[in-house]
*Asks:* 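Encoded as structure tokens, here's the structure I'll be asking about.
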Number of protein chains: 2
Amino acid sequence: MSALASSIERRNGVSLWRQIADRILQGIASGDFAENAALPPEVVLAERYGVNRHTVRSAIAALVQEGVLRAEQGRGTFVLSRKRLSYPIGQRTRFSTGLQGQTTERHIALLSSSTEPANRRIAEALGIARGSAVIRLETRGEADGHAVSRATTWFDAKRFAGIEAAMAETGSITASLKRFGINDYLRHSTVLSARHADADDLAALDLQPGAIVLVTVAVNVTLDGQPIQFAESRFPAERVELRLSAND
Amino acid sequence: MSALASSIERRNGVSLWRQIADRILQGIASGDFAENAALPPEVVLAERYGVNRHTVRSAIAALVQEGVLRAEQGRGTFVLSRKRLSYPIGQRTRFSTGLQGQTTERHIALLSSSTEPANRRIAEALGIARGSAVIRLETRGEADGHAVSRATTWFDAKRFAGIEAAMAETGSITASLKRFGINDYLRHSTVLSARHADADDLAALDLQPGAIVLVTVAVNVTLDGQPIQFAESRFPAERVELRLSAND
DNA sequence: GGGTATTTGTGCGTATGTATT
DNA sequence: TAATACATACGCACAAATACC
């Protein structure tokens, strides 16, 4: 919200131009800088943030490089439009149906899979013995050719043997679970946090270093409450917001 | 999860020591570095991240300053334990009751208040005319003496005239609304995102520059669906996680 | 207690990046 | 574009505290 009077911090490990670039990104997100409109002139921004015009230019150059702004000599610097996807999250969260209307095409790509012993956290979530085999799927959610999520999912290996093949074939968790006789499931106990993206997420989600990811840790259960799936999903905060609807 | 092989990036606006400090924080969060245990020696970390030992020392110094680590000459560097608050979020979200059991004391401090004309976003959310007066409250949620949230809240100035006095007195939104005849309310349409904390949030939440805040934008409504409150809350991601419970 | 290896703490010279004027 | 000041990062060396045999 409020466009507070700058106060950029010095010698804190983040260069001034990077801080100002982040400020501009924030300004775009909060509506201070409208999309498809011109940014204030460099001298004005320099004044506002209390730095030299050269520093503002460095920030703008970085954002042009990242595809957020377009600078035109003699005319000004313009905000390119890029609306964030709104990803619904609730008891009936489904990847594909959740993004209907916002995108024309979406699917889940299986990056890799493996079988491993369940650690304490996963065993408790799935209600199985610690150390028993679980299948781990590394996936990326894609919508209209853009990466919108990166997830790590665990299934009980005994009950869902071969689910990695189903995922690779269908590109859908819901469709894959159907092959194991599960026609409906609910989301239970989602925990939400945020952190800087790690190297793996940076690559998979095509992000710049320092980018933030929203993290959800969730358990999906059958209608009678039996846990079937444990997942940690990462969403690029600059491209996705999570929407909690009251009635799903 | 996966402890991938470093890949610290250079000349991207964020200093190496800051990036490595973030890595270590992530390592603690993901369990790679256990709490109350020793970190690997500086030389090992330097090797792992591909930087000079001095650079690792800068990162550690920052985290010691932030109260995350404790370094002892000749012994090692240790991870201090600090559990995150789990903030429940759902239809019946209440600040105080939500943190019961996790804290012994909590209240909301009113930092400032003002009356202003509603912009489009706020007017739509509250279902009032654009430009009509709204009361804005700037508040900080505190639990056991620690700042856990920073919120900006808007009310229709006509209907809730004087609510800032009630807030200052009671330290509770729920109690203040009672004075206006609202004994119960529900949360409607929460939108969730994350970003770097701005200067204001850094100060109010006692965070270090570069810290991440979870942001919720929510509308509270009466039982019959009438909007009464529009709020943007920021939670320090390093101290708070948001928990979505299925049945509230 | 002694000796040695390990680990954090300190100093300094140099090169490069950042920010201002 | 140039000059200047400061922050960042590296490399090497050594001191101080601790751990281990």
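Not measured: the values here are computed from a predicted model.
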*Asks:* Between the protein and nucleotides 3-5 of chain D, are there any N/O to N/O pairs under 3.5 Å, and if so, what are the atom names and distances?
*Replies:*
none

*Asks:* Start with the C-alpha distance between V215(A) and E232(A), add both sets of side-chain angles, then the distance that settles side-chain contact (heavy atoms from CB on, under 4.5 Å), and finish with yes or no.
*Replies:* CA-CA 7 Å; V215(A) 182; E232(A) 185 196 77; 3.7 Å; yes
*Asks:* Side chains of F235(A) and T216(A): does their closest heavy-atom pair fall under 4.5 Å?
*Replies:*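 The answer is yes; the side chains approach within 4.5 Å.
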*Asks:* Rounded to the nearest 0.5 Å, what separation is found between the CD1 atom of I135(A) and the CD atom of E164(A)?
*Replies:* 5.0 Å
*Asks:* Counting only side-chain N and O atoms of T55(B), is one of them less than 4.0 Å from OP1 or OP2 of dC10(D)?
*Replies:* yes
*Asks:* Sequence neighbours left out, what passes side-chain hydrogen bond (donor to acceptor under 3.5 Å, both in side chains) with E42(B)? Give chain and number order.
*Replies:* R53(B), R57(B)
*Asks:* So with a 6.0 Å cut-off around CD of E124(B), is the heavy-atom count from everything else above 12?
*Replies:* yes
*Asks:* For R75(B), enumerate each residue passing the side-chain hydrogen bond (donor to acceptor under 3.5 Å, both in side chains) test, keeping only those at least two apart in sequence or located in another chain.
*Replies:* E72(B)
*Asks:* Take the protein atom CD1 of I20(B) and the nucleotide atom P of dT8(D), then report the distance between them rounded to whole Å.
*Replies:* 13 Å
*Asks:* Can you give one letter per nucleotide of nucleotides 1-9 of chain C, going 5' to 3': B for a protein heavy atom under 4.0 Å from the base, S for sugar-phosphate only, - for none?
*Replies:* ------BBB
*Asks:* Output yes when E241(A) and R243(A) qualify as a salt bridge under the 4.0 Å nitrogen-oxygen rule, no when they do not.
*Replies:* no
*Asks:* Measure from CG on N52(B) to P on dT16(C) and round the result to the nearest Å.
*Replies:* 15 Å
*Asks:* Does E116(A), at its CD atom, have more than 12 non-hydrogen atoms belonging to other residues, nucleotides or ligands within less than 6.0 Å?
*Replies:*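 Atom CD in E116(A) is crowded, with more than 12 foreign heavy atoms closer than 6.0 Å.
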*Asks:* Evaluate the salt bridge (Lys or Arg N to Asp or Glu O under 4.0 Å) criterion for residues E35(B) and R84(B): first the C-alpha distance (whole Å), next the side-chain angles of each, then the deciding distance (0.1 Å), finally the verdict.
*Replies:* CA-CA 13 Å; E35(B) 288 192 354; R84(B) 286 197 294 190; over 6 Å; no
*Asks:* Got T152(A) and R234(A) here, is their nearest side-chain heavy-atom distance under 4.5 Å?
*Replies:* yes
*Asks:* Enumerate the protein-to-nucleotides 12-15 of chain C contacts in which both atoms are nitrogen or oxygen and the separation is below 3.5 Å.
*Replies:*
none

*Asks:* Starting at CD1 of I212(B), measure out to CG of D201(B) and round the result to the nearest 0.5 Å.
*Replies:* 13.0 Å
*Asks:* Determine whether W17(A) and I60(A) make a side-chain contact, defined as any pair of heavy atoms from C-beta on separated by less than 4.5 Å.
*Replies:*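 Heavy-atom side-chain distance check fails, nothing below 4.5 Å.
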*Asks:* So for the helix from dG2(C)-dC21(D) to dT21(C)-dA2(D), with five pairs setting each end axis, what is the inter-axis angle to 10°?
*Replies:*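 Computed angle between terminal axes is 20°.
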*Asks:* Taking only Lys NZ, Arg NE, NH1 and NH2, and the carboxylate oxygens of Asp or Glu, determine whether R150(A) and E138(A) approach each other closer than 4.0 Å.
*Replies:*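 The answer is yes: the pair qualifies as a salt bridge.
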